[in-house]
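The block underneath contains the structure these notes are about, expressed in structure tokens.
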Amino acid sequence: MAESLVSALLEQFASIAAREVEQEIRLVVGVDKEVRKLERNLQTIKSVLDDAEKKQLKEEAVKLWLKNLKDASYEMDNVLDEWNTAMIKLEIEKGEEKAENAPILKKKKVCSFIPSSSCCFRSVKKLGLRHDIAHKIKELSGEMDELFKERVG
């Protein structure tokens, strides 16, 4: 009886863990799409803020909501800057690695199918970056949802 209970618990934990892993993979794999969505949302927010500035709204509740919206736009801008900077840095590192290995590749073509350790490290680094950015975007999306629920008038 205890064995069947343990077995059932382990199956339940495995199921929960599998769902969590699947969600993480979807989040990381879809980060490019989420970055593009974040860029579009940021453009929309900037337009709303520009319109509000032109109208010079007087209501305090609206001013507070717009301030929170502006703060959120700064956070979005920071995440996008972090993403773009990291992508540029990875491209530079990739180019530097190719330049360093260019003479070696001409001499040793036999082992070219084996990835170098720096190539593997770069892939792990990029995966970690995608994970971090995906979670930041997810957090920002939650904040934006809350902000739009609070929307005034």
Side-chain angles (χ1 to χ4, degrees), residues 8-105 112-153:
L9 284 174
L10 286 176
E11 284 179 29
Q12 192 69 20
F13 286 137
S15 174
I16 291 169
R19 281 194 304 266
E20 289 293 320
V21 167
E22 182 181 349
Q23 286 177 347
E24 284 295 313
I25 290 171
R26 282 191 182 147
L27 192 62
V28 171
V29 169
V31 75
D32 292 318
K33 180 180 173 186
E34 292 299 317
V35 166
R36 288 190 303 274
K37 182 179 172 184
L38 189 64
E39 289 170 336
R40 286 190 309 271
N41 288 343
L42 181 58
Q43 287 176 339
T44 301
I45 288 170
K46 285 181 178 181
S47 295
V48 168
L49 291 171
D50 287 344
D51 288 347
E53 189 174 308
K54 288 175 188 172
K55 292 178 183 177
Q56 295 184 359
L57 300 171
K58 304 280 188 231
E59 292 180 47
E60 288 302 314
V62 174
K63 282 183 181 180
L64 178 61
W65 186 82
L66 289 169
K67 180 199 171 298
N68 292 337
L69 187 62
K70 186 179 265 188
D71 291 346
S73 76
Y74 292 148
E75 289 179 42
M76 294 167 85
D77 210 16
N78 289 341
V79 169
L80 291 170
D81 284 346
E82 182 181 345
W83 172 258
N84 291 327
T85 301
M87 290 296 104
I88 291 169
K89 187 176 176 183
L90 286 171
E91 285 300 312
I92 290 170
E93 290 172 359
K94 186 178 177 181
E96 288 174 350
E97 182 184 324
K98 282 183 181 180
E100 289 173 4
N101 293 334
I104 297 170
L105 291 175
S112 64
F113 64 91
I114 301 172
S116 67
S117 61
S118 61
C119 175
C120 293
F121 177 71
R122 189 174 55 250
S123 295
V124 169
K125 187 176 178 180
K126 190 172 181 177
L127 183 63
L129 169 72
R130 292 174 74 86
H131 178 268
D132 292 345
I133 294 295
H135 277 279
K136 287 178 182 181
I137 291 173
K138 183 179 178 182
E139 185 178 318
L140 276 172
S141 294
E143 289 176 20
M144 294 306 297
D145 289 346
E146 288 298 315
L147 193 57
F148 284 108
K149 285 179 186 173
E150 295 171 3
R151 185 173 53 209
V152 181

- Query: Side chains of K67 and K63: does their closest heavy-atom pair fall under 4.5 Å?
  - Reply: no
- Query: Between CG of D77 and CD of E39, what distance do you get to the nearest 0.5 Å?
  - Reply: 10.0 Å
- Interatomic spacing from CG in D132 to CD1 in I137 - rounded to 0.5 Å: 11.0 Å
- Item | side chain to side chain contact (heavy atoms under 4.5 Å, CB included) involving I88 - partner list, sequence neighbours excluded | I92
- Item | Distance, nearest 0.5 Å, that separates CG of L69 from CE of M76 | 8.5 Å
- Message: Measuring from atom CG of N68 to atom CD of E143, what distance do you get when rounded to the nearest 0.5 angstrom?
- Response: 10.0 Å
- Task: Give the minimum heavy-atom separation between S73 and L42, together with the two atoms involved.
- Result: O-CD1, 3.5 Å
- Could you tell me whether the side chain of E34 reaches within less than 4.5 Å of the side chain of K138, counting heavy atoms only? no
- Message: Using only atom types and a distance under 3.5 Å, with no angle test, would you say the side chain of W83 pairs donor to acceptor with the backbone of N78?
- Response: no
- Once you round to the nearest 0.5 Å, how far does CG of D145 lie from CD of E150? 11.0 Å
- Over all atoms of both residues, closest heavy-atom pair of W65 and L147: NE1-O, 2.8 Å
- Would you say H131 and H135 make side-chain contact, with heavy atoms under 4.5 Å? yes
- Shortest non-hydrogen pair, L129 vs M87, comes out as CD2-CE, 3.2 Å
- Message: Treating N84 as the side-chain partner and L80 as the backbone partner, does any N or O pair qualify as donor plus acceptor under 3.5 Å?
- Response: yes
- Message: Can you give me the closest heavy-atom contact between M144 and I45, atom names plus distance?
- Response: CE-CD1, 3.2 Å
- Message: With a 4.5 Å cut-off on side-chain heavy atoms, are I133 and E82 touching?
- Response: yes
- K149 side chain reached by E146 side chain, heavy atoms, under 4.5 Å: yes
- Note on the structure: To the nearest 0.5 Å, atom NZ of K136 lies from atom CG of L38 at 12.0 Å
